[in-house]
Novice: 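Let me begin by handing over the structure; questions about it come next.
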Amino acid sequence: MAIFKIVTKEDPVLRRKAKAVAKVDERIQKLMDNMAETMAQAKGVGLAAPQVGISKRVIVVNVGDQLYAIANPEIVEHSGIQDGPEGCLSCPGMAGQVRRAQRIRLEGFDRNGDRISIDAEGYLARAFQHEIDHLNGVLFIDKATEVAYDA
Ligand code: CO
């Protein structure tokens with residue numbers, strides 16, 4: 001396992017549209033494992049590969065119940081609205097209110113390369129939406145109202 005350096009919002013990699021993963025091979029599995037380790041050490045609830053300088057469509061999310069590591073995640077259904085606070089490991093010290101869908105259905109590929117479908121709501125749905133935005137070059141500060149520095 002290894003800990004990546006997390007890039008911050010000035011880094012252009014965060015503004016790129018990340019490339020789809022062709023196959024979940026050993027390299028992608030290692031990327032997922034190291035991203036999970038990096039997220040845990042940073043006490044984050046989610047991390048997207050561009051945040052560690054790798055422009056690939058891979059995310060990890062853990063809001064406390066279980067670890068999700070997903071390649072090529074895609075939101076295929078969404079409903080409802082939630083407003084709530086967000087921060088980002090790439091925007092240290094910043095927080096803001098972001099409107100998100102309350103419920104989503106996400107499809108993608110797990111660490112074994114198996115196709116998966118996940119129904120999520122509330123905070124977990126928020127975390128997935130935030131991380132998938134990263135794969136499209138979008139940061140929460142683009143969408144947030146009342147952005148504030150807590151430092
Ligand atoms: Co983020």
Side-chain angles (χ1 to χ4, degrees), residues 1-79 82 84 86-96 98-144 147:
M1 299 276 237
I3 303 290
F4 287 113
K5 180 173 153 37
I6 297 173
V7 303
T8 52
K9 65 181 194 306
E10 297 76 20
D11 195 307
V13 70
L14 291 175
R15 293 306 188 177
R16 246 175 259 153
K17 190 169 158 66
K19 288 235 159 52
V21 171
K23 184 174 187 286
V24 180
D25 56 14
E26 272 177 38
R27 276 178 54 234
I28 296 297
Q29 289 174 339
K30 195 173 164 201
L31 172 63
M32 288 172 163
D33 294 347
N34 289 336
M35 283 172 60
E37 185 85 349
T38 302
M39 171 178 69
Q41 196 204 249
K43 300 196 189 323
V45 297
L47 193 67
Q51 291 183 275
V52 296
I54 297 170
S55 195
K56 287 189 192 321
R57 303 188 81 80
V58 174
I59 62 169
V60 292
V61 166
N62 187 347
V63 299
D65 52 347
Q66 79 175 89
L67 172 66
Y68 297 90
I70 305 171
N72 300 342
E74 224 178 307
I75 292 168
V76 295
E77 278 177 42
H78 62 91
S79 62
Q82 57 171 320
E86 285 185 25
C88 178
L89 293 173
S90 293
C91 307
M94 299 178 80
V98 185
R99 176 163 288 186
R100 300 285 187 186
Q102 170 64 17
R103 281 172 297 277
I104 60 164
R105 176 168 293 162
L106 176 156
E107 291 181 355
F109 295 87
D110 68 11
R111 196 183 174 286
N112 298 317
D114 293 325
R115 183 179 282 278
I116 50 166
S117 175
I118 298 166
D119 291 306
E121 65 179 310
Y123 191 54
L124 179 60
R126 173 179 297 279
F128 280 132
Q129 289 169 83
H130 177 116
E131 299 314 325
I132 290 170
D133 272 355
H134 275 301
L135 305 182
N136 296 319
V138 175
L139 299 178
F140 88 96
I141 48 175
D142 304 340
K143 297 182 165 179
V147 177

Novice: To the nearest 0.5 Å, what is the distance between CE (M35) and CD1 (I6)?
Specialist: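 So the gap between those two atoms works out to 9.5 Å.
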Novice: What pair of heavy atoms forms the shortest contact from G108 to I70, and how long is it?
Specialist: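 It is CA-CG2, 4.1 Å.
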Novice: Whether the side chain of S90 engages the backbone of V7 through a donor-acceptor N/O pair (distance < 3.5 Å, no angle test) should be reported.
Specialist: yes
Novice: Please answer whether the main-chain N or O of N112 pairs with a side-chain N or O of D110 as donor and acceptor at a distance below 3.5 Å.
Specialist: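 A pair under 3.5 Å: yes.
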Novice: Where the side chain of Q51 meets the backbone of A48, is there a donor-acceptor pair that is under 3.5 Å apart?
Specialist: yes
Novice: Working note: D133 + R100, criterion salt bridge (Lys or Arg N to Asp or Glu O under 4.0 Å); need CA distance, chi angles, decisive distance, verdict.
Specialist: CA-CA 11 Å; D133 272 355; R100 300 285 187 186; 2.8 Å; yes
Novice: For E74, does its backbone N or O pair with a side-chain atom of E107 as donor and acceptor, under 3.5 Å?
Specialist: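 Judged by distance alone, no pair lies under 3.5 Å.
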Novice: Can you give me the closest heavy-atom contact between M94 and F140, atom names plus distance?
Specialist: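 In terms of heavy atoms, the two residues are closest at O-CZ, 3.8 Å.
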Novice: Step through the shown structure and confirm whether more than 12 heavy atoms of other residues, nucleotides or ligands are within 6.0 Å of CD on E26.
Specialist: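 Atom CD in E26 is not crowded, with 12 or fewer foreign heavy atoms closer than 6.0 Å.
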Novice: Could you check C88 against K9 for side chain to side chain contact (heavy atoms under 4.5 Å, CB included), going step by step and ending with a plain yes or no?
Specialist: CA-CA 9 Å; C88 178; K9 65 181 194 306; over 6 Å; no
Novice: Mind listing the closest non-hydrogen atom pair of R16 and S55 along with its distance?
Specialist: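 Reported closest heavy-atom pair: CB-OG, 4.0 Å.
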Novice: Passes side chain to side chain contact (heavy atoms under 4.5 Å, CB included), V60 versus T38? Steps please.
Specialist: CA-CA 10 Å; V60 292; T38 302; over 6 Å; no
Novice: Out of curiosity, L135 CG to N72 CG, how far, rounded to the nearest 0.5 Å?
Specialist: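 L135 atom CG to N72 atom CG measures 9.0 Å (nearest 0.5 Å).
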Novice: Which heavy atom of V21 sits nearest a heavy atom of R57, and at what distance?
Specialist: CG2-O, 3.8 Å
Novice: Roughly how far, to the nearest 0.5 Å, is the CE atom of M32 from the CG atom of L67?
Specialist: 9.5 Å
Novice: Can we say K143 and E86 salt-bridge, meaning some charged N sits less than 4.0 Å from an Asp/Glu carboxylate O?
Specialist: no
Novice: Taking side chain as C-beta onward, heavy atoms only, is I118 less than 4.5 Å from F128?
Specialist: yes
Novice: About how many Å separate NE2 of H78 and CZ of R105, when rounded to the nearest 0.5 Å?
Specialist: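 One gets 13.0 Å once the value is rounded to the nearest 0.5 Å.
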Novice: For D142, is there an ion pair with R15 - N to carboxylate O distance below 4.0 angstrom?
Specialist: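 So R15 pairs with D142 through a salt bridge.
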Novice: Should P73 and E131 count as side-chain neighbours, where that means a heavy-atom distance under 4.5 Å?
Specialist: no
Novice: Using modelled atom types only, decide if a donor and an acceptor are shared between the side chain of Q29 and the backbone of R111 within a distance under 3.5 Å.
Specialist: yes
Novice: Using every non-hydrogen atom in the two residues, find where P50 and V13 come nearest and quote the distance to one decimal.
Specialist: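 In this case the closest contact between P50 and V13 is O-CG1, 3.3 Å.
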Novice: When rounded to the nearest 0.5 angstrom, what distance separates CD in E121 from CZ in R126?
Specialist: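 Those atoms lie 13.0 Å apart.
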Novice: Nearest 0.5 angstrom please: Y123 OH to H130 NE2, how far?
Specialist: 9.5 Å
Novice: Can you see which heavy atom on L89 is nearest to which on G44, and at what distance?
Specialist: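 Minimum heavy-atom contact is CD1-CA, 4.1 Å.
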Novice: Within the distance-only criterion (no hydrogens, no angle test), does the side chain of N136 pair as donor or acceptor with the backbone N or O of V138 below 3.5 angstrom?
Specialist: no
Novice: Within the side chain of E37, is there an N or O that forms a donor-acceptor pair under 3.5 Å with the backbone of D33?
Specialist: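 A pair under 3.5 Å: no.
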Novice: Side chains of L124 and Y68: does their closest heavy-atom pair fall under 4.5 Å?
Specialist: yes
Novice: Indicate yes or no for a side-chain donor-acceptor contact from Q82 to the backbone of A101 under 3.5 Å, with no hydrogens or angles considered.
Specialist: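 Side chain of Q82 to backbone of A101: a pair is present.
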